[in-house]
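We use all heavy atoms of the structure for the numbers below, so side chains are in, but hydrogens, waters and symmetry mates are not. Throughout, a chain's letter reflects where its sequence line sits, starting with A, and its residues are numbered from 1.
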Number of protein chains: 2
Amino acid sequence: MRKTKVSINKEKLHASSEVLRAIAHPLRMKILEFIDQNEEINVNKIYNTLGLEQSITSQHLRILRTAGLVNTQRDGKYIHYSIDYGKIEESVVAIQRFLH
Amino acid sequence: MRKTKVSINKEKLHASSEVLRAIAHPLRMKILEFIDQNEEINVNKIYNTLGLEQSITSQHLRILRTAGLVNTQRDGKYIHYSIDYGKIEESVVAIQRFLH
DNA sequence: TTAATACTTTGCAAATATGCATTTTTTATT
DNA sequence: AATAAAAAATGCATATTTGCAAAGTATTAA
């Protein structure tokens with residue numbers, strides 16, 4: 001239990017839970033893991049390698065994008081996805097700071 | 001990006017997402033925070049202090065219990081809740097190990 | 001043993017998330 | 001300009017989660 005009471009503001013609490021919710025899905029975790037393991041990866045590679053539907057993949061990528069967990073960069077007709085490690089670290093730290 | 005490809009087994013991936021899903025809810029985060037700040041806390045205190053419905057509180061506590069995030073100990077008609085810090089740490093480490 | 005308190009469980013409606021097929025948008029190629 | 005490929009967005013059915021009220025269980029106290 002924490003000795004010094006730190007009141008966490010509501011916005012941050014909510015923001016953290018948004019990020020966590022985005023991570024907390026089996027498919028999205030798989031996708032995140034795959035992006036992590038392959039630098040400069042495009043959507044095609046993601047759904048073909050993981051054996052997912054294109055539209056489902058795109059949907060989940062949108063959720064990850066909205067949560068700020070991944071960044072995109074267009075290269076011609078391809079869109080490369082990469083992980084925003086800062087954001088991940090941030091949310092992990094948030095949990096740790098929140099409960100320790 | 002990770003250099004050494006570590007294949008994370010599916011059970012662990014799924015287990016992690018279960019725990020994260022349990023954490024990733026504004027109300028549950030509030031409850032977790034409150035339990036963290038008050039050692040030996042009972043359900044009454046939780047929902048009265050946080051201004052929640054009794055049954056809703058109980059429901060979310062069940063979710064936290066099932067996920068293994070909190071432990072309970074009955075003391076007469078009161079049930080004391082405490083946080084399983086090991087489990088929290090475990091899931092945080094899981095994310096970090098999973099993506100770094 | 002009756003009543004009261006603390007907590008859990010259940011049933012159900014409303015909200016949200018998910019999966020899938022289809023359409024749309026963007027860019028490259030011919 | 002027409003076609004093709006990559007990715008996003010949309011519409012809709014199904015599944016899951018949530019909140020709430022009511023009923024059930026356990027323990028204490030009168």
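Residue contacts for Tyr47(A): at a heavy-atom cut-off of 4.0 Å it reaches no nucleic acid atom on any strand shown.
Contact annotation: His60(A) side-chain N/O to dT18(C) OP1/OP2 distance is not under 4.0 Å. Of the side-chain N and O atoms in Tyr78(A), none sit less than 4.0 angstrom from OP1 or OP2 of dA8(D). Side-chain N/O atoms of His25(A) include one lying less than 4.0 angstrom from OP1 or OP2 on dT18(C). Between Arg21(A) and dA17(C), a side-chain N or O to OP1/OP2 separation shorter than 4.0 Å is present. The phosphate of dA5(D) has neither OP1 nor OP2 within less than 4.0 Å of any side-chain N or O from Asn44(A). Phosphate contact (OP1/OP2 of dA6(C), side-chain N/O of Asn42(B), threshold under 4.0 Å): absent.
In this structure, Ile79(B) places its CD1 atom 11 Å from P of dA26(D), rounding to the nearest Å. The CG-P distance, from Leu27(B) to dC20(D), rounds to 10 Å in whole Å. Atom CD1 in Ile63(A) sits roughly 11 Å away from atom C1' in dT16(C) (whole-Å rounding). Separating the CD atom of Glu18(A) from the C1' atom of dT16(C) is a distance of 12 Å, rounded to the nearest angstrom. In this entry the distance linking NZ of Lys45(A) with C1' of dA7(D) reads 16 Å, nearest Å. Rounded to whole angstrom, the span from the CG atom of Leu61(B) across to the P atom of dC7(C) amounts to 9 Å. Rounded to whole angstrom, the span from the CD1 atom of Ile23(B) across to the P atom of dT17(D) amounts to 16 Å. Between the CZ atom of Arg62(A) and the P atom of dG11(D) there is a distance of 13 Å, rounded to whole Å.
Residues meeting the side-chain contact (heavy atoms from CB on, under 4.5 Å) test with Glu90(B), sequence neighbours left out: Lys87(B). Among residues two or more places apart in sequence or in another chain, the side-chain contact (heavy atoms from CB on, under 4.5 Å) test is passed with Asn48(A) by Asn44(A). Checked against side-chain contact (heavy atoms from CB on, under 4.5 Å), Glu18(A) has the following partners two or more places apart in sequence or in another chain: His14(A), Arg21(A).
Listed by first then second residue, pairs satisfying ring-ring contact (aromatic ring centres under 6.0 Å, His included) with a partner in residues 26-56 of chain B number zero, not counting sequence neighbours. Residue pairs that meet the side chain to side chain donor-acceptor pair (under 3.5 Å) test with at least one member in residues 50-66 of chain A, sequence neighbours left out, are Arg28(A)-His60(A), Arg65(A)-Tyr81(A).
Note that CD1 of Ile83(B) and CG of Leu32(B) are 5.0 Å apart. Values are rounded to the nearest 0.5 Å. Within the model, atoms CG of Asn38(B) and NE2 of His80(B) stand 12.5 Å from one another, a figure rounded to the nearest 0.5 Å.
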| query | Quick one: what's the B/S/- string for nucleotides 20-29 of chain C, heavy-atom cutoff under 4.0 Å, read 5' to 3'? | reply | BBB----SS-
